There are 2 protein chains.
Amino acid sequence: MTKKKVTSTDVAKLAGVSQSTVSRVYGSGTNVSEKKRKQILEAAEMLGYQPNALARGLITNKTRMIGIVMRNIQNPFYPEVLEKFHKCLSKHGYHILFINSEHNLVGEDEINHLIEYHVEGVIITDALLTSSAVQRLIKNEIAVVLFNRYIENPDCSAVFCDNYFAGQEIGRYLIASGHKHFAFISGPLNTSTSIDRKKGFEEAVHKGGISDIHIEIGNYSYESGFEAAKKILNSGNLVDCIFCGNDITALGAIDAAKQLGFQVPNDLSIVGFDDITMARWPSYSLTTWKQPIDDMVNAAVQLLLDEISEKENKVITKSFPGELVIRGSVKEK
Amino acid sequence: MTKKKVTSTDVAKLAGVSQSTVSRVYGSGTNVSEKKRKQILEAAEMLGYQPNALARGLITNKTRMIGIVMRNIQNPFYPEVLEKFHKCLSKHGYHILFINSEHNLVGEDEINHLIEYHVEGVIITDALLTSSAVQRLIKNEIAVVLFNRYIENPDCSAVFCDNYFAGQEIGRYLIASGHKHFAFISGPLNTSTSIDRKKGFEEAVHKGGISDIHIEIGNYSYESGFEAAKKILNSGNLVDCIFCGNDITALGAIDAAKQLGFQVPNDLSIVGFDDITMARWPSYSLTTWKQPIDDMVNAAVQLLLDEISEKENKVITKSFPGELVIRGSVKEK
DNA sequence: TTGAAAGCGTTACCAC
DNA sequence: GTGGTAACGCTTTCAA
């Protein structure tokens, strides 16, 4: 077993045909007789031939690679999202160049890598691009879709949950179930996601006749939920419910409440956001807002593929409502 | 702002030099005068030039891509691993082609993709390769390292935690802390990982004078831990401790125990494996075995890079002991 | 230090 | 149907 890489020319020689014909078998598939096709496939099998995707990409300008830039992968919501993107993209014959970004704003060098590798499109989850970065991608004919974020003055497509609506619904639900003293643990307020959830929630609560909401700003982590809840419960303010910006924060809040001797939901109601698998665990049984991940992922991929094939840049934003999932962390009084 | 992709030839023209010289600036960096380098970088900046990694890879046979095949990404252990791999690999200038495998055995088509894209190396986490798959990768000069698994008759390198030792230590610890009635919730017994943990644990427990261990086989998920624990606790067998094959299983077991009215650790001790972040959460406060992820990831990357640069295939396996992390889920009687 | 030219493994466009 | 040949964008000789 030698170690030389085998090319279409090797296959052609062994099969006694031209290299072009081999290429046709693996490419268009047309214009090749049944007999030669057979010979070629046999020869390829013998040699262990695999077409070189790089060479192909060089000439076709189609690498069949999609860059996924993901932040916050420690939040269980995102592995689930990644898994679904992988499934959906590979169904369409695409591969994933994975980039784990650490910042809210995707860095220049990360953009550079995506351009260098000539990915056909990029999905950005839970992060943003400067508009100059968007321009660079577009200039390099790379389609872009934001996932779970959008930009006010949109220069690229986006798929997200209607956070404003969701925030409202959660506010209404807590009002309707008889709560009087509200707190909200938000994520950092530099993201559309956080801002909209907050705005919707506040509006609904105010409309329900409650003027004061105790607000803490966290960073969507368990620890920040834990700390924020402690602060709220130790503040002396009366509080009978907390809306948490995401599930993992809510789990932290529940643990903090328990530690301080509060019973959830009897003394304190807690609502999360995302509906991660853990929300369902009996220790928490978290009432939360379900983001329709499947639909969102499918939509994002569809948008991306459309952009890739159509070449013109329509900017489309798609929002999904999602739905309240009632479990056991809210007391309906 | 036009949309034509800019190449080194474009840069050369604008800078008034030859394409070769542009290439030298971005490649070796040698043999180019300070003056021309400056002109070139300026021109490149103006045009927004990025070298084409595919074309480069085609000629150099170095794509600077590493394939990561990951299974079970819903288990929080693996996102953490992925994040660290990303960090370590990008520090070395490598990029990740991400593949989410659904099976214990990596499929032929997944191998094909890795070969097609000419990744320089592959890291397989929590899955195995048939030896014919290994041979195909090697024939295509792709280095392979298994992470968290090894093969009995090794044809590729591997990095893992010494599961046999860890199992023993956990057994000894539970014996030493006065437990008498043992149960074990294993992962599927077709993996080295599971087999070794089980073997070590059983040996230590037997050596401690206990002959019976109630064994259940799960699949390393929360749900399977939950169900298995219920089965154990409802079996009528007396049980005062359960060792769970991984943390997520242990969390399920804890929740099941609580639901059945058992107090952890007073009525029942529980030990996990991995030390995922959630093990630290107050609701669980799980005593567990810490896999030294950082060291393991660094070792895996180092092994891979060595294999890539040395071209000869030494098969090296590296095991790490890890350590017991004592929290609150075990009663020391 | 520089540039011309060959070649990496494909696809695409020709003639035949 | 088929094979020859020119790209694709780069690195790497080799002469100058």
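Just so we're on the same page: letters track the sequence lines, and every chain starts at 1. Predicted, not measured: the structure shown is a model, and the values here were computed from it.
For B/Y49, whose side chain is taken as the heavy atoms from C-beta onward, the closest listed nucleotide among D/dG1, C/dT11, D/dC10 is D/dC10. The listed nucleotides are C/dC8, C/dG3, C/dT10; the one nearest the side chain of B/K36 is C/dG3. Proximity note for A/R56 (side chain, C-beta onward) versus C/dT10, D/dC10, C/dG3: the nearest is C/dT10. Closest to the B/S33 side chain, of the nucleotides C/dT2, D/dC10, C/dT11, is C/dT2. Residue A/V17 places its side chain closer to D/dG3 than to any other of D/dG3, D/dT11, D/dT2. Listed nucleotides D/dG3, D/dC10, C/dG9 differ in distance to B/L58; the shortest reach to its side chain belongs to C/dG9.
Within 4.0 Å of B/N31, counting heavy atoms only, lies at least one base atom of the nucleic acid. Backbone-only engagement by B/T60 is indicated by non-hydrogen atom pairs under 4.0 Å involving sugar-phosphate atoms exclusively. The residue A/T7 sits close only to the backbone: its heavy atoms come under 4.0 Å of sugar-phosphate atoms, none of a base.
With hydrogens and angles left out, the side chain of B/S20 and the base of C/dA4 share a donor-acceptor pair within 3.5 Å.
At whole-Å resolution of the value, CD in B/Q19 and P in C/dG7 are 16 Å apart. Atom CG of B/L54 is separated from atom P of C/dG7 by 22 Å (rounded to the nearest Å). The interatomic distance linking B/E116 (CD) with C/dG9 (C1') rounds to 13 Å, in whole Å. A/K62 has its NZ atom 19 Å from the P atom of C/dT10, to the nearest Å. When the P atom of C/dG9 is taken as reference, atom CD of A/Q50 falls 15 Å away, rounded to whole Å. One atom, NZ of B/K13, and another, P of D/dC10, lie 13 Å apart when rounded to the nearest Å. The CZ atom of A/R24 sits 15 Å away from the P atom of C/dT10 (whole-angstrom rounding). We find that CG of B/D10 is positioned 8 Å from P of D/dG9, with the value rounded to whole Å.
Between the side chain of B/E110 and the backbone N or O of B/G107 there is at least one donor-acceptor pair closer than 3.5 Å.
A ring-centre distance under 6.0 Å is found for A/F85 and A/F147.
One finds a side-chain N or O of A/S23 lying less than 4.0 angstrom from the OP1 or OP2 phosphate oxygen of C/dT11. B/S8 has no side-chain polar atom (N or O) that falls below the 4.0 Å cut-off from OP1 or OP2 of D/dG9. Contact between the side-chain N/O atoms of A/T21 and the OP1/OP2 oxygens of D/dG3 is found at a separation under 4.0 Å.
With B/N72 as the partner, the side-chain hydrogen bond (donor to acceptor under 3.5 Å, both in side chains) test is satisfied by one option alone out of B/N148, B/D126, B/N100: B/D126.
Nucleotides of DNA chain C nearest to B/H118 and B/G16 differ in position, and the one nearer the 5' end is that of B/G16.
Residues B/S101 and B/R71 share a closest heavy-atom pair of O-CG, 3.2 Å.
Salt bridge status for A/K314 with A/E310: present, with a side-chain N to carboxylate O gap under 4.0 Å. Salt-bridge formation is detected for the pair A/R136/A/E108: a Lys NZ or Arg NE/NH1/NH2 atom is positioned less than 4.0 Å from an Asp or Glu carboxylate oxygen.
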